[in-house]
Number of protein chains: 2
Amino acid sequence: MDINHHIKTLLNHVNLDVTLDAFAVEKLSSIIIFKELNKKEFLIEPGETANTMNFIVQGSMRSYYLDENAQEHTLQLGIEEWWINDLYSYLSRKKSRMYVQALEKTLLIQLPRIELEKLYLEVPEISNFFRIKIQSAYVAVQERVIDSMSDDAYERYDNFRKTYRDIEQRVPQYIVASYLGVTPEFLSYLRKKHS
Amino acid sequence: MDINHHIKTLLNHVNLDVTLDAFAVEKLSSIIIFKELNKKEFLIEPGETANTMNFIVQGSMRSYYLDENAQEHTLQLGIEEWWINDLYSYLSRKKSRMYVQALEKTLLIQLPRIELEKLYLEVPEISNFFRIKIQSAYVAVQERVIDSMSDDAYERYDNFRKTYRDIEQRVPQYIVASYLGVTPEFLSYLRKKHS
DNA sequence: GAAAAAACTTAAGGTATCTTAAGAAGCCAA
DNA sequence: TTGGCTTCTTAAGATACCTTAAGTTTTTTC
(Lines give C-alpha, C1' and ligand atoms only; values in the text may rest on other atoms or scores of the structure.)
Protein backbone atom coordinates (compact mmCIF):
# COMPACT_ATOMS: atom_id res chain seq x y z
CA MET A 1 0.00 0.00 0.00
CA ASP A 2 1.12 3.49 -0.89
CA ILE A 3 0.83 4.98 2.55
CA ASN A 4 3.12 2.38 4.03
CA HIS A 5 5.62 3.04 1.33
CA HIS A 6 5.65 6.75 2.16
CA ILE A 7 6.07 6.02 5.84
CA LYS A 8 9.01 3.78 5.01
CA THR A 9 10.56 6.62 3.03
CA LEU A 10 10.39 8.82 6.11
CA LEU A 11 11.78 6.12 8.38
CA ASN A 12 14.68 5.46 6.04
CA HIS A 13 15.39 9.13 5.95
CA VAL A 14 15.42 9.37 9.74
CA ASN A 15 17.65 6.33 9.94
CA LEU A 16 20.35 8.15 8.02
CA ASP A 17 21.06 10.20 11.14
CA VAL A 18 19.87 8.11 14.10
CA THR A 19 18.89 4.51 14.78
CA LEU A 20 15.24 3.86 15.57
CA ASP A 21 14.17 0.67 17.32
CA ALA A 22 10.76 -0.98 16.83
CA PHE A 23 9.20 1.07 19.62
CA ALA A 24 10.46 4.32 18.15
CA VAL A 25 9.21 3.37 14.69
CA GLU A 26 5.81 2.48 16.11
CA LYS A 27 5.53 5.73 18.05
CA LEU A 28 6.73 7.95 15.25
CA SER A 29 4.42 6.31 12.73
CA SER A 30 1.47 6.83 15.03
CA ILE A 31 1.62 10.64 14.89
CA ILE A 32 1.98 10.98 11.12
CA ILE A 33 -0.52 13.08 9.18
CA PHE A 34 -0.62 13.17 5.39
CA LYS A 35 -1.35 16.41 3.61
CA GLU A 36 -1.78 17.12 -0.06
CA LEU A 37 -1.24 20.51 -1.65
CA ASN A 38 -2.00 21.62 -5.15
CA LYS A 39 0.47 23.62 -7.18
CA LYS A 40 0.77 27.15 -5.76
CA GLU A 41 -1.25 26.22 -2.68
CA PHE A 42 0.03 27.63 0.62
CA LEU A 43 0.97 25.54 3.60
CA ILE A 44 1.67 28.62 5.71
CA GLU A 45 0.80 32.27 5.15
CA PRO A 46 1.86 35.38 7.09
CA GLY A 47 -0.02 35.59 10.37
CA GLU A 48 -0.30 31.85 10.82
CA THR A 49 1.82 29.82 13.21
CA ALA A 50 3.76 26.77 12.07
CA ASN A 51 2.84 23.87 14.32
CA THR A 52 4.08 20.88 12.36
CA MET A 53 7.32 19.58 10.96
CA ASN A 54 6.81 18.88 7.24
CA PHE A 55 8.54 16.20 5.21
CA ILE A 56 8.15 16.26 1.45
CA VAL A 57 7.11 12.85 0.13
CA GLN A 58 6.33 13.95 -3.42
CA GLY A 59 6.57 17.32 -5.10
CA SER A 60 8.45 20.52 -4.29
CA MET A 61 7.99 23.51 -2.01
CA ARG A 62 9.51 26.84 -1.14
CA SER A 63 9.35 29.42 1.61
CA TYR A 64 9.59 33.11 0.84
CA TYR A 65 8.66 36.52 2.19
CA LEU A 66 7.72 39.86 0.66
CA ASP A 67 9.79 42.94 1.41
CA GLU A 68 8.43 46.51 1.68
CA ASN A 69 8.44 46.80 -2.10
CA ALA A 70 6.49 43.56 -2.45
CA GLN A 71 9.57 41.85 -3.84
CA GLU A 72 9.68 38.11 -3.23
CA HIS A 73 12.72 36.64 -1.50
CA THR A 74 12.99 32.88 -1.43
CA LEU A 75 14.55 31.51 1.74
CA GLN A 76 14.21 27.78 1.33
CA LEU A 77 13.58 25.29 -1.45
CA GLY A 78 12.85 21.60 -1.11
CA ILE A 79 11.97 18.46 -3.04
CA GLU A 80 11.37 14.83 -2.07
CA GLU A 81 12.89 13.86 1.27
CA TRP A 82 13.58 17.42 2.39
CA TRP A 83 11.99 19.20 5.33
CA ILE A 84 10.25 22.50 4.74
CA ASN A 85 8.95 24.96 7.30
CA ASP A 86 9.14 28.40 8.82
CA LEU A 87 11.40 27.17 11.55
CA TYR A 88 11.33 30.55 13.23
CA SER A 89 7.60 30.33 13.73
CA TYR A 90 7.69 26.65 14.64
CA LEU A 91 10.38 27.08 17.28
CA SER A 92 9.25 30.38 18.76
CA ARG A 93 5.51 29.67 18.38
CA LYS A 94 5.08 33.15 17.04
CA LYS A 95 3.25 34.18 13.92
CA SER A 96 5.02 33.63 10.66
CA ARG A 97 5.90 36.45 8.30
CA MET A 98 6.48 34.02 5.48
CA TYR A 99 4.72 32.06 2.80
CA VAL A 100 5.37 28.35 2.49
CA GLN A 101 4.06 27.22 -0.83
CA ALA A 102 3.87 24.17 -3.07
CA LEU A 103 5.63 24.61 -6.41
CA GLU A 104 4.05 21.44 -7.78
CA LYS A 105 1.28 19.12 -6.59
CA THR A 106 2.87 17.97 -3.36
CA LEU A 107 2.38 15.30 -0.72
CA LEU A 108 3.66 15.97 2.79
CA ILE A 109 4.06 13.96 5.93
CA GLN A 110 3.35 16.23 8.88
CA LEU A 111 4.41 15.69 12.48
CA PRO A 112 2.49 17.91 14.93
CA ARG A 113 4.74 19.80 17.37
CA ILE A 114 2.64 18.84 20.39
CA GLU A 115 2.89 15.14 19.61
CA LEU A 116 6.55 15.37 18.74
CA GLU A 117 7.42 17.03 22.00
CA LYS A 118 5.70 14.26 23.92
CA LEU A 119 7.67 11.77 21.87
CA TYR A 120 10.96 13.46 22.68
CA LEU A 121 10.52 12.41 26.30
CA GLU A 122 9.88 8.79 25.43
CA VAL A 123 12.25 8.40 22.49
CA PRO A 124 15.46 10.39 22.80
CA GLU A 125 16.59 9.30 19.35
CA ILE A 126 13.76 11.26 17.81
CA SER A 127 14.70 14.28 19.87
CA ASN A 128 18.29 13.84 18.66
CA PHE A 129 17.15 13.62 15.08
CA PHE A 130 15.37 16.95 15.17
CA ARG A 131 18.19 18.56 17.10
CA ILE A 132 20.46 17.54 14.24
CA LYS A 133 18.02 18.91 11.66
CA ILE A 134 17.72 22.26 13.42
CA GLN A 135 21.47 22.43 13.69
CA SER A 136 21.79 21.84 9.95
CA ALA A 137 19.25 24.55 9.32
CA TYR A 138 21.39 26.96 11.35
CA VAL A 139 24.50 25.97 9.46
CA ALA A 140 22.73 26.33 6.13
CA VAL A 141 21.57 29.85 6.93
CA GLN A 142 24.99 30.84 8.16
CA GLU A 143 26.51 29.49 4.95
CA ARG A 144 24.19 31.78 3.07
CA VAL A 145 25.32 34.83 5.00
CA ILE A 146 28.92 33.88 4.31
CA ASP A 147 28.20 33.28 0.63
CA SER A 148 26.33 36.49 0.18
CA MET A 149 29.25 38.43 1.59
CA SER A 150 32.07 36.58 -0.17
CA ASP A 151 30.68 35.70 -3.58
CA ASP A 152 29.32 37.62 -6.53
CA ALA A 153 26.05 36.60 -8.14
CA TYR A 154 27.53 34.18 -10.64
CA GLU A 155 29.50 32.34 -7.99
CA ARG A 156 26.35 32.08 -5.89
CA TYR A 157 24.47 30.71 -8.89
CA ASP A 158 27.24 28.22 -9.49
CA ASN A 159 27.14 27.10 -5.84
CA PHE A 160 23.40 26.87 -6.04
CA ARG A 161 23.58 24.55 -9.01
CA LYS A 162 26.08 22.31 -7.29
CA THR A 163 24.16 22.22 -4.00
CA TYR A 164 20.67 21.93 -5.46
CA ARG A 165 21.39 20.04 -8.65
CA ASP A 166 18.09 18.14 -8.53
CA ILE A 167 16.09 21.19 -7.66
CA GLU A 168 17.25 23.59 -10.35
CA GLN A 169 15.46 21.68 -13.09
CA ARG A 170 12.13 21.82 -11.33
CA VAL A 171 12.05 25.41 -10.17
CA PRO A 172 11.27 28.43 -12.38
CA GLN A 173 14.26 30.62 -12.95
CA TYR A 174 12.68 33.67 -11.39
CA ILE A 175 12.46 31.76 -8.13
CA VAL A 176 16.12 30.81 -8.35
CA ALA A 177 16.84 34.49 -8.92
CA SER A 178 14.82 35.45 -5.85
CA TYR A 179 16.79 32.85 -3.88
CA LEU A 180 20.11 34.24 -5.08
CA GLY A 181 19.07 37.82 -4.45
CA VAL A 182 19.21 39.08 -8.04
CA THR A 183 16.63 40.11 -10.59
CA PRO A 184 15.42 37.50 -13.10
CA GLU A 185 16.81 39.70 -15.87
CA PHE A 186 20.25 39.71 -14.37
CA LEU A 187 20.25 35.95 -13.84
CA SER A 188 19.23 35.52 -17.47
CA TYR A 189 22.14 37.76 -18.48
CA LEU A 190 24.58 35.79 -16.32
CA ARG A 191 23.47 32.49 -17.79
CA LYS A 192 24.00 33.73 -21.32
CA LYS A 193 27.37 35.30 -20.53
CA HIS A 194 28.73 32.06 -19.04
CA SER A 195 27.24 29.60 -21.50
CA MET B 1 34.34 39.73 46.01
CA ASP B 2 34.61 40.36 42.27
CA ILE B 3 34.18 36.80 41.13
CA ASN B 4 30.88 36.45 42.95
CA HIS B 5 29.69 39.64 41.35
CA HIS B 6 30.47 38.31 37.89
CA ILE B 7 28.69 35.06 38.65
CA LYS B 8 25.67 37.04 39.78
CA THR B 9 25.72 38.92 36.50
CA LEU B 10 25.51 35.63 34.62
CA LEU B 11 22.74 34.29 36.86
CA ASN B 12 20.69 37.45 36.44
CA HIS B 13 21.13 37.17 32.72
CA VAL B 14 19.95 33.56 32.68
CA ASN B 15 17.01 34.49 34.89
CA LEU B 16 15.71 36.80 32.18
CA ASP B 17 14.65 33.73 30.20
CA VAL B 18 14.16 30.92 32.71
CA THR B 19 13.80 30.54 36.47
CA LEU B 20 16.65 28.84 38.30
CA ASP B 21 16.12 27.36 41.74
CA ALA B 22 18.88 27.09 44.37
CA PHE B 23 19.97 23.69 43.09
CA ALA B 24 20.24 24.93 39.52
CA VAL B 25 22.22 27.99 40.63
CA GLU B 26 24.58 25.82 42.65
CA LYS B 27 25.13 23.41 39.79
CA LEU B 28 25.58 26.05 37.13
CA SER B 29 28.03 28.02 39.29
CA SER B 30 30.09 24.92 39.86
CA ILE B 31 31.09 24.50 36.22
CA ILE B 32 32.09 28.12 35.55
CA ILE B 33 35.57 28.89 34.27
CA PHE B 34 36.91 32.44 33.99
CA LYS B 35 39.07 33.39 31.06
CA GLU B 36 40.88 36.65 30.33
CA LEU B 37 41.87 37.76 26.86
CA ASN B 38 44.04 40.68 25.85
CA LYS B 39 43.06 43.02 23.07
CA LYS B 40 43.32 41.19 19.71
CA GLU B 41 43.87 37.86 21.41
CA PHE B 42 42.05 34.88 19.85
CA LEU B 43 39.62 32.66 21.69
CA ILE B 44 39.18 30.40 18.66
CA GLU B 45 41.20 30.12 15.47
CA PRO B 46 40.50 28.10 12.33
CA GLY B 47 41.18 24.40 12.89
CA GLU B 48 40.23 24.50 16.56
CA THR B 49 36.96 23.19 17.93
CA ALA B 50 34.70 25.29 20.12
CA ASN B 51 33.96 23.33 23.28
CA THR B 52 32.63 26.01 25.62
CA MET B 53 29.78 28.49 25.72
CA ASN B 54 31.24 31.94 26.33
CA PHE B 55 29.58 34.80 28.19
CA ILE B 56 31.19 38.22 28.05
CA VAL B 57 31.57 39.71 31.53
CA GLN B 58 33.74 42.66 30.53
CA GLY B 59 35.05 43.80 27.18
CA SER B 60 34.02 43.07 23.59
CA MET B 61 34.56 40.33 21.05
CA ARG B 62 33.86 39.43 17.46
CA SER B 63 33.83 36.39 15.23
CA TYR B 64 34.93 36.60 11.62
CA TYR B 65 36.28 34.53 8.80
CA LEU B 66 38.55 35.16 5.83
CA ASP B 67 37.33 34.57 2.30
CA GLU B 68 39.48 33.35 -0.62
CA ASN B 69 40.79 36.88 -1.14
CA ALA B 70 41.73 37.17 2.53
CA GLN B 71 38.92 39.65 3.09
CA GLU B 72 37.58 39.69 6.63
CA HIS B 73 33.84 39.16 7.14
CA THR B 74 32.50 39.77 10.63
CA LEU B 75 29.67 37.45 11.61
CA GLN B 76 29.07 38.31 15.24
CA LEU B 77 29.84 41.16 17.61
CA GLY B 78 29.35 41.18 21.36
CA ILE B 79 29.84 43.23 24.50
CA GLU B 80 29.03 42.71 28.18
CA GLU B 81 26.29 40.14 28.78
CA TRP B 82 26.32 38.74 25.28
CA TRP B 83 27.29 35.23 24.28
CA ILE B 84 30.01 34.76 21.68
CA ASN B 85 31.05 31.58 19.90
CA ASP B 86 31.38 29.69 16.69
CA LEU B 87 28.09 27.93 17.28
CA TYR B 88 28.57 25.82 14.19
CA SER B 89 31.73 24.29 15.63
CA TYR B 90 30.29 24.02 19.14
CA LEU B 91 27.14 22.23 18.01
CA SER B 92 28.63 20.01 15.33
CA ARG B 93 31.92 19.38 17.19
CA LYS B 94 33.72 20.01 13.96
CA LYS B 95 36.71 22.24 13.39
CA SER B 96 35.99 25.93 13.16
CA ARG B 97 36.77 27.96 10.07
CA MET B 98 36.45 31.18 12.03
CA TYR B 99 38.38 33.50 14.27
CA VAL B 100 36.81 34.56 17.56
CA GLN B 101 38.78 37.50 18.86
CA ALA B 102 38.80 40.03 21.69
CA LEU B 103 38.43 43.63 20.50
CA GLU B 104 39.39 44.96 23.95
CA LYS B 105 40.84 43.38 27.09
CA THR B 106 38.02 40.97 27.85
CA LEU B 107 36.82 38.77 30.69
CA LEU B 108 34.73 35.71 29.84
CA ILE B 109 32.76 33.17 31.79
CA GLN B 110 33.08 29.82 30.04
CA LEU B 111 30.82 26.82 30.43
CA PRO B 112 32.36 23.60 29.06
CA ARG B 113 30.12 21.65 26.72
CA ILE B 114 30.75 18.35 28.43
CA GLU B 115 29.70 19.71 31.83
CA LEU B 116 26.75 21.56 30.38
CA GLU B 117 25.40 18.47 28.72
CA LYS B 118 25.54 16.59 32.00
CA LEU B 119 23.69 19.47 33.59
CA TYR B 120 20.95 19.40 30.98
CA LEU B 121 19.87 16.01 32.33
CA GLU B 122 19.70 17.22 35.93
CA VAL B 123 18.39 20.74 35.34
CA PRO B 124 15.96 21.07 32.43
CA GLU B 125 15.75 24.83 32.92
CA ILE B 126 19.38 25.14 31.90
CA SER B 127 18.71 23.00 28.87
CA ASN B 128 15.77 25.26 28.07
CA PHE B 129 17.88 28.36 28.44
CA PHE B 130 20.41 27.24 25.86
CA ARG B 131 17.71 25.96 23.55
CA ILE B 132 16.29 29.49 23.62
CA LYS B 133 19.71 31.01 22.97
CA ILE B 134 20.38 28.75 20.01
CA GLN B 135 16.96 29.53 18.65
CA SER B 136 17.70 33.26 18.90
CA ALA B 137 20.98 32.69 17.12
CA TYR B 138 19.09 31.02 14.29
CA VAL B 139 16.61 33.86 14.11
CA ALA B 140 19.38 36.46 14.13
CA VAL B 141 21.20 34.82 11.25
CA GLN B 142 17.99 34.48 9.28
CA GLU B 143 17.25 38.16 9.87
CA ARG B 144 20.61 38.92 8.35
CA VAL B 145 19.85 36.94 5.23
CA ILE B 146 16.55 38.77 4.92
CA ASP B 147 18.20 42.15 5.50
CA SER B 148 20.96 41.54 3.04
CA MET B 149 18.41 40.72 0.36
CA SER B 150 15.90 43.50 1.10
CA ASP B 151 17.99 46.46 2.20
CA ASP B 152 20.70 48.58 0.62
CA ALA B 153 23.90 49.29 2.51
CA TYR B 154 22.73 52.48 4.19
CA GLU B 155 19.57 50.82 5.49
CA ARG B 156 21.66 47.97 6.86
CA TYR B 157 23.95 50.48 8.57
CA ASP B 158 20.97 52.25 10.03
CA ASN B 159 19.54 48.96 11.33
CA PHE B 160 22.93 48.10 12.73
CA ARG B 161 23.09 51.33 14.68
CA LYS B 162 19.64 50.78 16.11
CA THR B 163 20.26 47.15 17.02
CA TYR B 164 23.82 47.55 18.29
CA ARG B 165 23.68 51.08 19.65
CA ASP B 166 26.09 50.29 22.50
CA ILE B 167 28.46 48.41 20.30
CA GLU B 168 28.98 50.90 17.50
CA GLN B 169 30.98 53.27 19.71
CA ARG B 170 33.45 50.61 20.73
CA VAL B 171 34.15 48.94 17.42
CA PRO B 172 36.41 50.33 14.68
CA GLN B 173 34.51 51.39 11.62
CA TYR B 174 36.26 48.96 9.31
CA ILE B 175 34.87 46.12 11.40
CA VAL B 176 31.36 47.55 11.14
CA ALA B 177 31.94 47.68 7.39
CA SER B 178 33.03 44.05 7.35
CA TYR B 179 29.87 43.17 9.30
CA LEU B 180 27.64 45.04 6.86
CA GLY B 181 29.37 43.55 3.85
CA VAL B 182 30.73 46.79 2.34
CA THR B 183 34.19 48.28 1.99
CA PRO B 184 35.39 50.73 4.67
CA GLU B 185 35.65 53.39 1.98
CA PHE B 186 32.05 52.98 0.99
CA LEU B 187 30.85 53.09 4.59
CA SER B 188 32.81 56.29 5.08
CA TYR B 189 31.15 57.71 1.98
CA LEU B 190 27.68 56.71 3.21
CA ARG B 191 28.25 58.30 6.59
CA LYS B 192 29.27 61.58 4.99
CA LYS B 193 26.40 61.57 2.53
CA HIS B 194 23.78 61.09 5.26
CA SER B 195 25.24 63.39 7.90
C1' DG C 1 -5.67 23.21 -30.18
C1' DA C 2 -6.41 28.22 -29.53
C1' DA C 3 -6.21 31.76 -26.35
C1' DA C 4 -4.45 33.44 -22.24
C1' DA C 5 -1.12 33.54 -18.78
C1' DA C 6 3.37 32.84 -17.02
C1' DA C 7 8.21 32.75 -17.60
C1' DC C 8 12.36 34.01 -20.07
C1' DT C 9 15.38 37.00 -22.92
C1' DT C 10 17.44 41.13 -24.74
C1' DA C 11 19.07 45.65 -24.55
C1' DA C 12 19.70 50.54 -23.11
C1' DG C 13 20.53 53.53 -19.55
C1' DG C 14 21.06 54.18 -14.55
C1' DT C 15 22.72 53.45 -9.67
C1' DA C 16 25.14 51.16 -5.89
C1' DT C 17 29.16 49.58 -4.63
C1' DC C 18 34.18 48.47 -5.46
C1' DT C 19 39.16 49.43 -6.50
C1' DT C 20 43.02 52.00 -6.15
C1' DA C 21 45.66 55.45 -4.39
C1' DA C 22 46.90 59.07 -1.61
C1' DG C 23 46.60 61.98 2.24
C1' DA C 24 44.73 63.16 6.99
C1' DA C 25 43.77 62.00 11.60
C1' DG C 26 44.04 59.31 15.73
C1' DC C 27 46.54 56.37 18.79
C1' DC C 28 50.38 53.80 20.91
C1' DA C 29 55.31 52.94 21.94
C1' DA C 30 59.76 54.47 23.13
C1' DT D 1 57.34 64.33 22.17
C1' DT D 2 58.31 62.23 18.18
C1' DG D 3 57.66 58.74 15.06
C1' DG D 4 55.28 54.91 13.41
C1' DC D 5 51.24 52.19 13.14
C1' DT D 6 46.37 51.91 12.50
C1' DT D 7 42.17 53.76 11.09
C1' DC D 8 39.43 57.03 8.44
C1' DT D 9 38.50 60.03 4.50
C1' DT D 10 38.35 61.66 -0.26
C1' DA D 11 38.06 61.18 -5.02
C1' DA D 12 38.36 59.20 -9.75
C1' DG D 13 37.46 55.54 -12.58
C1' DA D 14 35.60 50.78 -13.01
C1' DT D 15 32.07 47.11 -12.54
C1' DA D 16 28.16 44.53 -10.81
C1' DC D 17 23.69 44.75 -10.64
C1' DC D 18 19.09 47.16 -11.30
C1' DT D 19 15.11 49.30 -13.89
C1' DT D 20 12.24 49.60 -17.58
C1' DA D 21 10.27 48.09 -21.54
C1' DA D 22 9.41 45.26 -25.27
C1' DG D 23 9.50 41.00 -27.63
C1' DT D 24 9.77 35.78 -27.49
C1' DT D 25 9.05 31.33 -25.71
C1' DT D 26 6.80 28.07 -22.73
C1' DT D 27 3.06 26.48 -19.98
C1' DT D 28 -1.62 26.38 -18.55
C1' DT D 29 -6.42 26.55 -19.25
C1' DC D 30 -10.67 25.69 -21.36
Side-chain angles (χ1 to χ4, degrees), chain A residues 37-42 59-60 62 64 66-74 77 99 101-106 145 147-161 167-195, chain B residues 38-41 60 62 64 66-74 77 99 101-105 145 147-161 167-195:
Chain A
L37 295 166
N38 287 319
K39 183 167 182 173
K40 304 218 168 168
E41 196 178 341
F42 292 109
S60 56
R62 70 157 169 159
Y64 68 96
L66 297 181
D67 70 18
E68 322 82 54
N69 309 314
Q71 291 293 119
E72 286 182 10
H73 298 280
T74 298
L77 290 168
Y99 297 87
Q101 184 191 38
L103 299 174
E104 307 169 306
K105 195 171 190 335
T106 294
V145 172
D147 271 24
S148 78
M149 296 203 295
S150 321
D151 300 348
D152 67 17
Y154 186 72
E155 286 175 296
R156 296 203 303 279
Y157 177 54
D158 215 44
N159 286 342
F160 175 85
R161 290 167 70 177
I167 294 187
E168 201 201 349
Q169 268 66 10
R170 292 165 62 178
V171 172
Q173 218 166 277
Y174 79 91
I175 288 182
V176 175
S178 89
Y179 179 94
L180 297 173
V182 297
T183 57
E185 294 86 352
F186 189 57
L187 179 54
S188 181
Y189 162 80
L190 287 177
R191 283 162 52 84
K192 183 176 189 198
K193 182 174 156 197
H194 290 90
S195 63
Chain B
N38 288 318
K39 184 169 179 170
K40 305 214 169 173
E41 195 178 341
S60 55
R62 70 156 169 158
Y64 69 94
L66 298 181
D67 70 17
E68 323 80 53
N69 309 313
Q71 292 291 118
E72 286 182 11
H73 298 280
T74 298
L77 291 167
Y99 296 87
Q101 183 191 38
L103 298 173
E104 308 169 306
K105 195 173 191 330
V145 172
D147 271 25
S148 77
M149 295 203 296
S150 321
D151 300 347
D152 68 16
Y154 186 72
E155 286 174 298
R156 296 203 304 277
Y157 177 54
D158 215 44
N159 286 343
F160 175 85
R161 289 166 71 177
I167 294 186
E168 201 199 350
Q169 269 65 9
R170 292 164 64 179
V171 172
Q173 217 164 279
Y174 77 91
I175 288 182
V176 175
S178 88
Y179 180 92
L180 297 173
V182 297
T183 57
E185 293 85 354
F186 188 57
L187 179 54
S188 180
Y189 161 80
L190 287 177
R191 283 162 53 84
K192 183 175 190 202
K193 183 174 156 199
H194 290 88
S195 65

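Lettering of chains follows the sequences in order, A, B, ..., and the numbering in each one begins at 1. Only heavy atoms go into these numbers, but all of them, side chains included; no hydrogens, no water, no symmetry mates.
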**Student:** Should we count CZ of F160(B) as having more than 12 external heavy atoms under 6.0 Å?
**Tutor:**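 Result for CZ/F160(B): enclosed.
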**Student:** Return yes if some donor-acceptor pair links the side-chain N/O of Q101(B) with the main-chain N/O of R62(B) below 3.5 Å, else return no.
**Tutor:**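 No, Q101(B) side chain to R62(B) backbone: no donor-acceptor pair under 3.5 Å.
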**Student:** Between dA12(D) atom C1' and Y189(B) atom OH, what is the distance in whole Å?
**Tutor:**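 Y189(B) atom OH is separated from dA12(D) atom C1' by 13 Å.
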**Student:** K40(B) has an atom NZ; how far is it from atom P of dC28(C), in whole Å?
**Tutor:**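 From K40(B) NZ to dC28(C) P: 10 Å.
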**Student:** More 5' along DNA chain D: Y154(A) or K192(B), using each one's nearest nucleotide?
**Tutor:**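 Nearest nucleotide further toward 5': that of K192(B).
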**Student:** In whole angstrom, give the distance that lies between atom NZ of K105(B) and atom C1' of dC28(C).
**Tutor:**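 Between C1' of dC28(C) and NZ of K105(B): 17 Å.
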**Student:** Check the distance between dT17(C)'s P and R191(B)'s CZ and give it to me in whole angstrom.
**Tutor:**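 It works out to 16 Å between those atoms.
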**Student:** Determine the interplanar angle of the F42(A) and Y99(A) rings, folded into 0 to 90°, and report it as parallel if under 30°, tilted if 30 to 60°, perpendicular if over 60°.
**Tutor:**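 It falls in the tilted class, 30° to 60°.
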**Student:** I need the S178(B) OG to L77(B) CG distance, nearest 0.5 Å.
**Tutor:**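 The distance works out to 7.5 Å.
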**Student:** CG/D67(A) to CG/D151(B) distance, rounded to the nearest 0.5 angstrom?
**Tutor:**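 Those atoms lie 8.0 Å apart.
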**Student:** Starting at atom CD of Q169(A), determine the distance to atom C1' of dA7(C), rounded to an integer number of angstrom.
**Tutor:**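 To the nearest whole Å, that distance equals 16 Å.
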**Student:** Within this structure, what is the CD-CG distance for the pair Q71(B) and L66(B), rounded to the nearest 0.5 Å?
**Tutor:**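 Spacing of CD (Q71(B)) from CG (L66(B)) equals 9.0 Å.
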**Student:** Just to be sure I understand the rule, does K39(A) reach a base, reach only the sugar-phosphate, or reach nothing, if contact means heavy atoms closer than 4.0 Å?
**Tutor:**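 If one applies the 4.0 Å heavy-atom cut-off, K39(A) turns out to touch the sugar-phosphate alone, with no base involved.
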**Student:** Please report the distance, rounded to the nearest Å, between CG in L190(A) and C1' in dC18(D).
**Tutor:**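 To the nearest whole Å, that distance equals 12 Å.
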**Student:** Report the distance from atom CG of D152(A) to atom P of dT19(C), rounded to the nearest whole Å.
**Tutor:**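 Computing the D152(A):CG to dT19(C):P distance gives 11 Å.
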**Student:** Rounded to the Å, how far apart are K193(A) NZ and dC17(D) C1'?
**Tutor:**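 So the NZ-C1' distance, K193(A) to dC17(D), works out to 10 Å.
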**Student:** Do any of residues 172-188 of chain B sit with a heavy atom less than 4.0 Å from DNA chain C, and if so which?
**Tutor:**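 Per residue number, the list reads G181(B), V182(B), T183(B), E185(B), F186(B).
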